[in-house]
Structures are given as C-alpha cells and as structure tokens.
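A short worksheet on the structure shown next.
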Amino acid sequence: ALHALLAGLTLMILLPATSWRPLSPDEFYPAKAVAILRQSGLTGNLAVTFRWGSYTAWNLHPRIKISMDGRYEETYPESTLHMNEGFFNEQGDDWKKLVRDFKVDFIIVEAARTRLTDEDLATLGYQSIHRAKNYALWSLAEHAPQLLKTREKLPAALPDPLDARIPAAW
C-alpha cells in the first residue's frame, strides 16, 4: 500500500509536466528540410552539423553527401571535423574553407548551435529555402527553384513517425 501511495504521489507530481504526444522528427531533427531535399531529386553536397549528420545521411544517401556525422572517428579525418565545426561556429581565420574549397550545394543550419547568420549565408551565395523553429535549409541559387517547388508540394505536416503504415511507402 505504501508503494502504491508513493507511486501515485510521484505520478501526480511528474505527469502534469509530461507531454504524452510523441515527438515528431521535425521537433528534434530537420525532418522537413530533409524531406524537401529527398523529394527534390537533386544531388550534391550538404553541410550539416555533427549532431544531425547521421540522420541526414540515413535519409539522403547516396544522392546527397554530408559534411559530417557521428561516425567521424571512423570515417573522417580530424581536420574534417574541425573544418565543419569551424564553418558553423565561424571559428578561425579560415572558417569559410568548407564552402570555399568544396562545392557545398545545401546547408542545414541548427539555430541554437551556430554563429552563422542569414547575412553570412546570403553573402556566401546561398538562398533560404525553408525555416523552422530550430533550423533552416539553405541552398545555392541554382538549386533554389527546384527546392522551393518541392517544398510547396509537401504537406504542411509530416506523417506521424509512429504510423505503422510508413514502411509500406518505403
């Protein structure tokens, strides 16, 4: 009875602050940006933060190659990690090296983890394609018309990630 009482009190305290709604991928990952890139049919290179690299690779490989992901110790030289972080954080004298030395077609900027501004990206020749609460998708101007057209065709909300019918669409 004591355990049931403690469990009940714990639930009363913790549950009001808990959301029972499952997180959609777009609340944690740049799901809409990735859907736009995937559905566009475009190929190219994507600059992405370390944290979202694996998610973007899983969804976009092999058509779109990513700049970095969590497997960096096995697949990337240490210098690539530093170049990628330097770009997103504007660190060092040569922070533009990633986009200067490599053709970066697309960039997904994580709002809370970058120093890049809209002005920086526009100056580098990128155009804003899609903006969400926690990220933004940018592309070279040559890809913008196709990406904007694709964005308009996508539904406003992505499918529920827990929908059992999703594998049927794969």
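To the nearest 0.5 angstrom, Lys65 atom NZ is 11.0 Å from Arg63 atom CZ. The distance from the CG atom of Leu5 to the NE2 atom of His3 is 11.0 Å, given to the nearest 0.5 Å. Between the OG1 atom in Thr49 and the CG atom in Asn84 there is a gap of 8.0 Å [rounded to 0.5 Å]. Atom CG of Leu37 is separated from atom CG of Leu60 by 5.5 Å, given to the nearest 0.5 angstrom. Expressed to the nearest 0.5 Å, how far OG of Ser54 lies from NE2 of His61 amounts to 13.0 Å.
A continuous path of ILVMFWY side-chain contacts below 4.5 Å connects Leu137 to Tyr55, so both sit in one hydrophobic cluster. Leu147 and Leu124 are not part of a single hydrophobic cluster, where members link through side-chain heavy atoms under 4.5 Å apart. Linking Ile, Leu, Val, Met, Phe, Trp and Tyr whenever their side-chain heavy atoms come within less than 4.5 Å leaves Leu116 and Met68 in two separate clusters. Taking hydrophobic clusters as Ile, Leu, Val, Met, Phe, Trp and Tyr residues chained together by side-chain heavy-atom distances below 4.5 Å, Val109 does not share a cluster with Phe50. A single hydrophobic cluster is seen to contain both Leu121 and Leu140, as judged by linkage of ILVMFWY side chains at heavy-atom distances under 4.5 Å, directly or through other members.
The backbone N or O of Ile36 lies less than 3.5 Å from no partner atom in the side chain of Arg151, so there is not a single donor-acceptor pair. Distance alone, capped at 3.5 Å, is enough to place a donor-acceptor pair between the Trp52 side chain and the Phe28 backbone. The main-chain N or O of Phe88 is found under 3.5 Å from a side-chain atom of Thr114 such that the two form a donor-acceptor pair. In this structure a side-chain-to-backbone donor-acceptor pair under 3.5 Å is present from Thr56 to Gly53.
Nearest approach of Arg131 to Asp118, heavy atoms of both residues: NH2-OD2, 3.1 Å. Pairing each heavy atom of Ala47 with each of Ser67, the nearest pair is CA-OG, 3.4 Å. The shortest heavy-atom contact between Ala57 and Asp69 is CB-OD2, 4.4 Å.
Residues Lys153 and Thr150 are not in side-chain contact: their nearest non-hydrogen atoms beyond the backbone lie 4.5 Å or more apart. Put simply, the side chain of Gln91 does not reach to within 4.5 Å of the side chain of His82, judged on heavy atoms. Between Tyr135 and Lys32 there is a side-chain heavy-atom pair separated by less than 4.5 Å. Counting heavy atoms from C-beta on, the side chains of Gln127 and Leu148 come closer than 4.5 Å. Residues Trp138 and Ile129 fail the side-chain proximity criterion, which asks for heavy atoms closer than 4.5 Å. Between His130 and Leu154, the closest side-chain pair of non-hydrogen atoms is not below 4.5 Å.
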Please report the C-alpha distance between Arg113 and Arg51 in whole Å, then the side-chain angles of each, then the deciding distance to 0.1 Å, and finally whether the side chain to side chain contact (heavy atoms under 4.5 Å, CB included) criterion is met. CA-CA 10 Å; Arg113 297 177 185 220; Arg51 189 167 88 111; 3.3 Å; yes
So Thr123 and Asp120, side-chain hydrogen bond (donor to acceptor under 3.5 Å, both in side chains) or not? Walk me through it. CA-CA 5 Å; Thr123 300; Asp120 294 330; 5.9 Å; no
Would you be so kind as to tabulate the donor-acceptor pairs closer than 3.5 Å made by side chains of residues 99-108, with sequence neighbours excluded?
residue	atom	partner	partner atom	Å
Arg100	NH1	Asp94	OD1	2.5
Arg100	NH2	Asp94	OD2	3.3
Asp101	OD2	Lys97	NZ	2.8
Lys103	NZ	Asp105	OD1	2.8
Lys103	NZ	Glu142	OE2	3.2
Asp105	OD1	His143	NE2	2.9
Asp105	OD2	Asn45	N	2.8

